[in-house]
Amino acid sequence: MSTPISLIGLPYVFGRRDASPRNAMALGPRELLSHQTLLSALSEGGCDLAVELIEDVDDPAPDETAGYFDANVAGLFAGDQMSRLQVQTARLAHAVRYAVSADRMPLVANGGCTCALGMVAGLAAIGEIGMVWFDAHDDAETPETSTSGLVEGMPVSMITGRCWQAFCRQIPGFESIPDDRILTIGLHEKYEHKPDRGLKSPGSVVTPAIVKSKGYDAAIIDALADLRTRCSKVYVHVDVDVLDPSVLKSSNHAAEGGLSAEQLAYALDAIADNFEIVGLDFSSFDPTIDPHGVHTLVPLLVHAASASTRSRIHRNHSPG
């Protein structure tokens, strides 16, 4: 790999670095960034690899903290999940922005999907980009549609500007991505306890029903061709629960009917053939669930990095 890579980890979920009951996804980035096989593979051929694990933003700094006695003041609140999320995604945005300014490929391991807000903010200087979102779930709830209020179920809606926009605008560089520049792939969670829920994903989708109708390869190619009419650069987000549990039991939220490793690799290659990949992240891996999970993910991260590098080479050699 000749393109310099910035391998970045943000090991937080719900604003916290520690493992919670039934949810240790915050541990995933540390496991991946400390895996020697991954580091060696990304450094192969003399590739310039920089590694940064961001784990010193557990709470807002004193000069950011609003205080506790008057909620109607400027600033953030120590201990509050959303205040933690804001400072953590802002820090990720800074790291991604620095990588982009140095013409490095940001390859990121995130604890949870809301960390994608920092990716979008950090990539904003590139200009108009699209987003390809791999996920078993649509992550497109809003405070008005969610019965639980789970913010980890809302990042796509936040990125498209459907909710939490005053909050998102406090993340330096954040700009929403329009619905028509978003493609979601996966969506195999059946929500058996909510049979009438339906999909909420904005933009285009590749669902199991579409795959059944067209075949997987054709469904991917058609969806990418459609997206290519509206953008030429994309940010790629991979929630690893898009993989079938027979491949990777990524967390307690994994659902049957997901992609094989080969299908995910095929889609990443197809994206690289049609777009410049400007940033890529993998999220939501709980290493306590599947003892072989790291060994499954490392080759996929290496493949993703190779595809991203290839997409940049295409850009550098394109006419004009």
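The figures that follow rest on heavy atoms only: side chains count, while hydrogens, waters and symmetry mates do not. In this chain, residues are counted from 1 in sequence order.
Phe275 and Leu123 fall into different hydrophobic clusters, defined by Ile, Leu, Val, Met, Phe, Trp and Tyr side-chain heavy atoms under 4.5 Å apart, directly or through other members. When the side chains of ILVMFWY residues are joined at heavy-atom separations under 4.5 Å, either directly or via intervening members, Val206 and Leu280 end up in a single hydrophobic cluster. Under a hydrophobic-cluster definition in which Ile, Leu, Val, Met, Phe, Trp and Tyr are linked whenever side-chain heavy atoms come within less than 4.5 Å, directly or via other members, Leu49 and Leu53 are assigned to the same cluster. Cluster annotation: Tyr12 and Leu27 are assigned to distinct hydrophobic clusters (Ile/Leu/Val/Met/Phe/Trp/Tyr, side-chain heavy-atom contacts under 4.5 Å, transitive).
Within the structure, every pair that satisfies the salt bridge (charged side-chain N to carboxylate O under 4.0 Å, His left out) test and touches residues 145-173, not counting sequence neighbours, is listed here: Arg162-Asp179. Applying the ring-ring contact (aromatic ring centres under 6.0 Å, His included) test to every pair with at least one member in residues 218-243, sequence neighbours left out, gives these pairs: Trp133-His237. Applying the side-chain hydrogen bond (donor to acceptor under 3.5 Å, both in side chains) test to residues at least two apart or on different chains, the pairs with a partner in residues 30-40 are Arg30-Glu55, Gln36-Ser40.
In this structure, Leu107 CG and Leu42 CG are separated by 6.5 Å, a value rounded to the nearest 0.5 Å. In this structure, Leu39 CG and Ile5 CD1 are separated by 11.0 Å, a value rounded to the nearest 0.5 Å. Distance check: Phe285 CZ to Ser250 OG gives 8.5 Å after rounding to the nearest 0.5 Å. Taking CD of Glu128 as the reference point, atom CZ of Arg230 lies at 12.5 Å (rounded to 0.5 Å). Note: Ser204 OG to Arg181 CZ = 13.0 Å, rounded to the nearest 0.5 Å. Interatomic distance, Asn110 CG to Leu32 CG, rounded to the nearest 0.5 Å: 11.0 Å.
Arg84 and Asp58 are not joined by a salt bridge, as no carboxylate oxygen comes within less than 4.0 angstrom of a charged side-chain nitrogen.
Other residues, nucleotides and ligands contribute more than 12 heavy atoms inside 6.0 Å of the CZ atom of Arg228. Within a 6.0 Å radius of CZ in Phe167, other residues, nucleotides and ligands contribute more than 12 heavy atoms. Taking a 6.0 Å sphere around CD of Glu256, one finds it holds 12 or fewer heavy atoms contributed by other residues, nucleotides or ligands.
Pairing each heavy atom of Thr89 with each of Cys115, the nearest pair is CG2-CA, 4.0 Å. Smallest separation of non-hydrogen atoms from Ser6 and Ala99: OG-CB, 3.6 Å. Here the closest heavy-atom approach between residue Ser283 and residue Cys113 is recorded as OG-SG, 3.3 Å.
Side-chain contact between Thr3 and Arg310: absent, with no pair of heavy atoms (C-beta onward) separated by less than 4.5 Å. Side-chain contact check for Asp269 versus His303: some heavy-atom pair is nearer than 4.5 Å. Side-chain contact between Thr65 and Leu76: absent, with no pair of heavy atoms (C-beta onward) separated by less than 4.5 Å. For the pair Val96 and Met119, the minimum side-chain heavy-atom distance is below 4.5 Å. Within the 4.5 Å cutoff, the side chain of Leu7 has no heavy atoms near those of the Glu52 side chain. Between Leu38 and Leu301, some side-chain heavy-atom pair lies under the 4.5 Å cut-off.
Checked against salt bridge (Lys or Arg N to Asp or Glu O under 4.0 Å), Asp80 has no partners two or more places apart in sequence or in another chain. Taking Ile289 as the reference, Lys249, Asn252, Asp286 meet the side chain to side chain contact (heavy atoms under 4.5 Å, CB included) condition, with sequence neighbours excluded.
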Lys200 and Asp139: CA distance, side-chain angles, deciding distance, salt bridge (Lys or Arg N to Asp or Glu O under 4.0 Å) verdict: CA-CA 8 Å; Lys200 300 180 178 358; Asp139 284 1; over 6 Å; no
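Panel note: side chain Asp244, backbone Leu259; no donor-acceptor pair is recorded below 3.5 Å. Using a distance-only test at 3.5 Å, with no hydrogens or angles considered, a donor-acceptor pair links the side chain of Asp59 to the main chain of Gly79. At least one donor-acceptor pair under 3.5 Å links the side chain of Asn23 to the backbone N or O of Met25.
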Atom pairs and distances, donor-acceptor, side-chain atoms in residues 208-222, under 3.5 Å, two or more places apart:
unit_1 : atom_1 : unit_2 : atom_2 : d
Lys214 : NZ     : Asp222 : OD2    : 3.1
Tyr216 : OH     : Gln263 : O      : 2.8

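Under the 30°/60° scheme for interplanar angles, the aromatic rings of His292 and His295 are found to be tilted.
The side-chain contact (heavy atoms from CB on, under 4.5 Å) test with Leu183 is passed by exactly one of Val234, Leu224, Asp226: Leu224.
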